[in-house]
Amino acid sequence: MNKRHLLVAGSANLDFVVRAPHVPAPGETVLGRDFATFPGGKGANQAVACARAGGAPTRMLLALGDDAFAVPLEASLRDAGVEPLIVRTPDQPTGTAFICLSDDAENAITVAPGANNALRAEHLPPLDAVSHLLLQLETPLEAVGAWATAARAAGVKVLLNAAPARSLPESLLAALDVLVVNEGELALLSGESSSVAAGLAKLYVPGVVVTLGARGCIARIDGQIHLQPAFVVQAVDTTAAGDTFCGTLAARLAQGDGIDDALRYASAASAIACTRLGAQSSIPEHGEVEAFLRDSPPFPPQAQQSLAAYCRL
Ligand code: RIB
């Protein structure tokens with residue numbers, strides 16, 4: 001069978017977002033402004049990003065409660081062209097996330113996993129037609145480990161976005177082709193916080209991509225370093241920017257892009273996502289990313305140099 005599908009297995013949450021002058025400190029009450037709900041969840045956001053990046057058909061394994069919150073989550077996936085494979089949990093509510101979004105585009109997120117915690121190893125669908133599996137850490141770790149191991153054994157490329165940050169068993173890391181982390185996650189997994197280069201040197205996954213926010217990203221793939229400076233945008237909401245990066249990176253790699261093109265595409269898509277409110281609502285279509293890339297001036301050579309210096313290469 002032709003292995004063409006991209007499978008995302010992970011979380012879906014309804015995001016409850018309130019905008020406020022700043023994110024409250026512990027014990028502080030902040031008087032916020034407008035409130036809205038958005039389809040979110042790291043897994044579902046990444047599935048939508050995969051599908052919108054065009055190319056390989058995208059499926060998603062997820063769990064939803066038998067409640068009203070599930071309805072917009074399923075609809076958002078279907079609208080984006082994702083085929084959802086849903087485990088229904090009548091005894092668990094659909095996952096929710098409570099997000100405070102500050103005027104300087106910072107956020108603080110608390111997740112109530114609900115149905116997401118019901119996902120198990122045995123829920124993984126047959127992998128015959130799957131070329132790439134994309135995972136995150138908002139579902140039980142035992143299930144994530146079992147899915148990665150099964151996919152690796154079936155010859156499927158396995159990508160893990162290790163968010164939210166937590167330490168991981170060696171058996172899971174050994175099943176990965178590509179690990180995507182931010183700086184905090186890199187420090188936790190590598191036990192090395194002195195520099196990005198030092199953290200990378202401690203991880204033995206064949207491909208590691210480190211996102212560096214407004215600086216850009218760095219990848220070490222089969223021993224080679226690749227640097228991608230960030231596109232400069234006026235950020236209003238960075239929620240799901242990392243998910244947009246991971247989903248589009250997986251989609252472009254599945255389409256056969258080389259790592260440099262895939263990093264450039266994922267960086268552009270996540271930059272666009274930062275300029276829009278919400279999680280899945282912020283993820284651009286393929287045509288928008290292409291136009292953005294066409295209209296973006298080339299980076300000056302100093303951009304790569306300063307990224308290399310920041311990473312202490
Ligand atoms: O990465 C952003 C996502 O984290 C939000 O959509 C929220 O649901 C949490 O899962």
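Both counts, for ligands and for their atoms, begin at 1 and track the order of listing. One-based numbering along the sequence shown. What's counted below: heavy atoms across the whole structure, side chains too, no hydrogens, waters or symmetry copies.
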Q92 and N117: side chain donor to acceptor below 3.5 Å: no
What closest approach, in Å, do T58 and C50 show between heavy atoms, and which atom pair accounts for it? OG1-CB, 3.6 Å
Look up atom NE2 in H132 and atom NZ in K157, then write down how far apart they are to the nearest 0.5 Å. 6.5 Å
Looking only at distances, please establish whether an N/O atom of ligand 1 is found under 3.5 Å from an N/O atom of A240. no
Between the side chains of E183 and R215, is the shortest nitrogen-to-carboxylate-oxygen separation below 4.0 Å, so that they form an ion pair? no
Subset of ligand 1 atoms that lie under 4.0 Å from at least one heavy atom of A97: 7 (C), 8 (O)
So if I count the atoms of ligand 1 from 1 in the order they appear, which ones are less than 4.0 Å from some heavy atom of G40? 6 (O), 8 (O)
Among N13, D15, T238, the residue with a heavy atom nearest to atom 6 (O) of ligand 1 is D15
protein heavy-atom neighbour closest to atom 4 (O) of ligand 1 works out as K42 NZ, 3.2 Å
Can you tell me if G242 has a non-hydrogen atom under 4.0 Å from ligand 1? no
For atom 10 (O) of ligand 1, the closest protein heavy atom turns out to be E138 OE2, 2.7 Å
Side-chain ion pair, E74 and R88, N-O less than 4.0 Å: yes
Using a 4.0 Å cutoff against the non-hydrogen atoms of A279, which atoms of ligand 1 qualify? 6 (O)
Shortest protein contact, atom 3 (C) of ligand 1 (heavy atom only): N45 ND2, 3.7 Å
Taking all heavy atoms of A70 and all of G65, pick out the closest pair and write down the distance. CB-O, 3.4 Å
Protein contact to atom 2 (C) of ligand 1 [nearest heavy atom, distance to 0.1 Å]: D243 OD2, 3.3 Å
Determine whether the side chains of S76 and Q280 contain a donor N or O and an acceptor N or O closer than 3.5 Å. yes
